[in-house]
Student: 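Here's a structure for you.
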Amino acid sequence: MAQTNNFQYSIREYTPADRHVVTSLFRNGIQEHVYPAFFKAMTHPDHIGVALSISMAGYVLGGSSYFQALLFGSAWAGLIYYCCHEIYEGYALKRLSADMADIQANYLDNADNGFWVAEAEVNGQSKVVGIAAVVGKRGRGAAEGQRGDGWNVNAMRAAQEIAQDAGDGSYGELPHLVVSFACRRKGLGSLLTQKALDFCKDRGYSRLVLDTSSPQTAAISLYQKFNFVQTTSHNNTHANRWYSKLARINVMRMEKSM
């Protein structure tokens with residue numbers, strides 16, 4: 001039992017009884033990135049310029065109509081929001097139909113993998129408030145591009161140029177780390193990250209790697225606190241490449257050596 005900021009957390013291994021709450025927490029956690037991504041995209045100077053130009057076009061075409069200007073500008077904003085939504089919602093659905101569809105088989109039945117849930121006392125009841133998972137990759141032949149994390153695997157080939165691992169080249173991937181909104185900035189993210197790192201050390205992995213998206217600034221700060229470094233970045237997600245370009249979302253690969 002760990003206590004941080006007056007919150008007591010208990011981190012344990014996933015059980016099948018956790019399935020519903022874990023999948024709900026995962027999907028909600030991913031969907032929460034949509035609005036920050038939308039806000040970040042719309043405040044980019046390029047998008048501000050496009051929004052003003054489109055609004056002006058609506059004003060002129062509508063015969064000096066402010067309503068038409070607002071309508072055109074709203075259509076542009078709606079398109080950007082749609083792109084952000086499709087990227088994150090599509091990612092969540094892809095993971096829920098892949099490794100998250102059977103956590104027991106994909107994680108717990110494989111000694112190289114791990115999946116944990118964090119519990120906290122909420123209104124006198126124990127509630128799952130966080131999850132973390134590690135997938136082990138053993139052998140020097142394990143290609144970085146052979147990932148099932150929902151991002152475009154072709155774009156990850158650039159990551160194959162990372163420095164050679166020690167020993168047999170085994171490393172761990174962190175595909176999931178989600179903390180419920182109520183427990184953020186209260187130390188739980190750090191506890192789950194440390195749990196993943198400890199697991200990698202116990203398994204003899206040379207490093208822990210992960211992918212995160214550029215709007216996830218809090219997650220990036222957390223990983224940097226643990227001395228993760230960015231090794232590559234791209235804007236090719238599982239979605240149509242124009243969605244990523246319009247949403248201005250980059251996928252960042254980070255890693256930490258053991």
Student: Any side-chain heavy-atom pair from M258 and L197 closer than 4.5 angstrom?
Tutor: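 M258 reaches L197 side chain to side chain.
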Student: Kindly compute the distance separating NE2 (H238) from NZ (K94), expressed to the nearest 0.5 Å.
Tutor: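 Here the rounded value is 7.5 Å.
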Student: Within the 3.5 Å criterion, strictly below it, is a donor on Q8 or E121 matched to an acceptor on the partner's side chain?
Tutor: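 No donor-acceptor contact under 3.5 Å links the two side chains.
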Student: From K127 NZ over to E119 CD, what is the distance, rounded to the nearest 0.5 angstrom?
Tutor: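 Nearest 0.5 Å value for the NZ-CD distance: 12.0 Å.
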Student: Flag the pair E173 / V134 as yes when at least one side-chain heavy-atom distance between them is below 4.5 Å, and no otherwise.
Tutor: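 No, too far: nothing below the 4.5 Å cut-off.
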Student: Please work out whether the ring planes of F38 and Y35 are parallel, tilted or perpendicular, with thresholds of 30° and 60°.
Tutor: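 The arrangement is tilted - the two ring planes meet at 30° to 60°.
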Student: Calculate, to the nearest 0.5 Å, the distance between atoms NZ and OG1 belonging to K256 and T193 respectively.
Tutor: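 If I round to the nearest 0.5 Å, the distance is 11.0 Å.
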Student: Are V117 and R12 side-chain neighbours, meaning at least one heavy-atom pair lies under 4.5 Å?
Tutor: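 Heavy-atom side-chain distance check passes, below 4.5 Å.
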Student: Can you tell me if E32 and N28 form a side-chain donor-acceptor pair at under 3.5 Å?
Tutor: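 E32 vs N28: no donor-acceptor pair found between side chains.
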Student: Could you check whether the rings of Y59 and Y66 sit parallel, tilted or perpendicular, using 30° and 60° as the cut-offs?
Tutor: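 If you compare the ring of Y59 with that of Y66, the planes turn out tilted.
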Student: Please tell me whether F39 and L79 are part of a single hydrophobic cluster in this structure, the criterion being side-chain heavy atoms less than 4.5 Å apart.
Tutor: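 Cluster IDs for F39 and L79 match.
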Student: Quick one: do D109 and Q104 satisfy side chain to side chain contact (heavy atoms under 4.5 Å, CB included)? Show the steps, please.
Tutor: CA-CA 6 Å; D109 290 347; Q104 179 69 39; 2.9 Å; yes
Student: Is it the case that the side chains of K225 and S190 hold a donor-acceptor pair, with the cut-off being a distance below 3.5 Å and no angle test?
Tutor: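 Side-chain D/A pair, S190 to K225: present.
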Student: Write down the atom of T212, the atom of A219, and the distance for their closest heavy-atom approach.
Tutor: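 Reported closest heavy-atom pair: OG1-CB, 4.2 Å.
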Student: How many angstroms lie between OG in S244 and CD1 in I249, if you round to the nearest 0.5 Å?
Tutor: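 S244 atom OG to I249 atom CD1 measures 6.5 Å (nearest 0.5 Å).
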Student: Would you say L177 and I131 make side-chain contact, with heavy atoms under 4.5 Å?
Tutor: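 No; the side chains remain at least 4.5 Å from each other.
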Student: So Y14 and F115, would you call those rings parallel, tilted or perpendicular, with 30° and 60° as cut-offs?
Tutor: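 Taking F115 first and then Y14, their aromatic rings stand perpendicular (interplane angle over 60°).
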Student: Decide yes or no on side chain to side chain contact (heavy atoms under 4.5 Å, CB included) for H176 and L174, but give the supporting numbers first.
Tutor: CA-CA 6 Å; H176 307 302; L174 184 69; over 6 Å; no
Student: Hey, would you say the Y82 and Y243 ring centroids sit under 6.0 Å apart?
Tutor: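 Ring-ring flag for Y82/Y243: true, centres closer than 6.0 Å.
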Student: Which heavy atom in T23 sits nearest to a heavy atom in H20, and how many Å separate them?
Tutor: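 The answer is OG1-O, 3.0 Å.
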Student: What are the two closest heavy atoms between A133 and Y107, and how far apart are they?
Tutor: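 Nearest heavy atoms, A133 then Y107: CB-CE2, 3.7 Å.
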Student: Please assess L210 against F228 for the test side chain to side chain contact (heavy atoms under 4.5 Å, CB included), listing each intermediate value before the final yes or no.
Tutor: CA-CA 9 Å; L210 60 92; F228 280 80; 3.5 Å; yes
Student: With no hydrogens and no angle check, is any side-chain donor or acceptor of H47 less than 3.5 Å from a backbone partner on L246?
Tutor: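 A pair under 3.5 Å: yes.
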Student: Check A41 against A247 and note the closest heavy-atom contact, atom names and distance.
Tutor: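 In terms of heavy atoms, the two residues are closest at CB-O, 3.4 Å.
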Student: Please determine whether a side-chain nitrogen of the Lys or Arg among E13 and K195 lies less than 4.0 Å from a carboxylate oxygen of the Asp or Glu.
Tutor: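 K195 and E13: not salt-bridged.
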Student: Show, in sequence, the C-alpha distance, side-chain angles and deciding distance for Y9 and C183, and conclude whether the side chain to side chain contact (heavy atoms under 4.5 Å, CB included) test is met.
Tutor: CA-CA 10 Å; Y9 302 112; C183 293; 3.9 Å; yes
Student: In terms of hydrophobic clusters joined by side-chain contacts under 4.5 Å, are L52 and F72 together?
Tutor: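 Per the 4.5 Å side-chain linkage, L52 and F72 are not co-clustered.
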Student: Flag the pair Q224 / M254 as yes when at least one side-chain heavy-atom distance between them is below 4.5 Å, and no otherwise.
Tutor: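 Counting from C-beta outward, Q224 and M254 do come under 4.5 Å.
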Student: On the 0 to 90° scale, with breaks at 30° and 60°, tag the Y88-H33 ring pair as parallel, tilted or perpendicular.
Tutor: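 It falls in the tilted class, 30° to 60°.
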Student: Is R19 reaching over with its side chain to a backbone N or O of A101, donor-acceptor style, under 3.5 angstrom?
Tutor: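 Yes; at least one donor-acceptor contact below 3.5 Å.
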Student: Verify, without hydrogens or angle tests, whether Y205 (side chain) and D112 (backbone) share a donor-acceptor contact under 3.5 angstrom.
Tutor: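 Side chain of Y205 to backbone of D112, a donor-acceptor pair under 3.5 Å: yes, one is there.
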Student: Determine the minimum heavy-atom distance between D99 and N106, stating which atoms define it.
Tutor: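 Where D99 meets N106 most closely, the heavy atoms are O-ND2, 3.0 Å.
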Student: Indicate yes or no: at least one non-hydrogen side-chain atom of E89 is less than 4.5 angstrom from one of Q31.
Tutor: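 A side-chain contact under 4.5 Å exists here.
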Student: Same cluster for V50 and L61 if Ile/Leu/Val/Met/Phe/Trp/Tyr side chains link at under 4.5 Å?
Tutor: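 They do share one cluster, since a chain of ILVMFWY contacts under 4.5 Å joins V50 to L61.
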Student: If you measure from CG on N113 to CZ on R203, what distance do you get to the nearest 0.5 Å?
Tutor: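 Separation between the atoms: 9.0 Å.
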Student: Hey, could you give me the OH/OG distance between Y91 and S213, rounded to the nearest 0.5 Å?
Tutor: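 The distance works out to 9.0 Å.
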Student: So do the side chains of L25 and S180 get within less than 4.5 Å of each other, counting heavy atoms only?
Tutor: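 When only atoms from C-beta onward are counted, S180 and L25 do touch, with a gap below 4.5 Å.
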Student: Less than 4.5 Å apart, side chain to side chain, heavy atoms only: is that true for R184 and L222?
Tutor: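 No, their side chains stay 4.5 Å or more apart.
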Student: Can you name the closest pair of heavy atoms from S214 and I220 and give their distance?
Tutor: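 Closest approach of S214 to I220, heavy atoms only: O-CD1, 3.9 Å.
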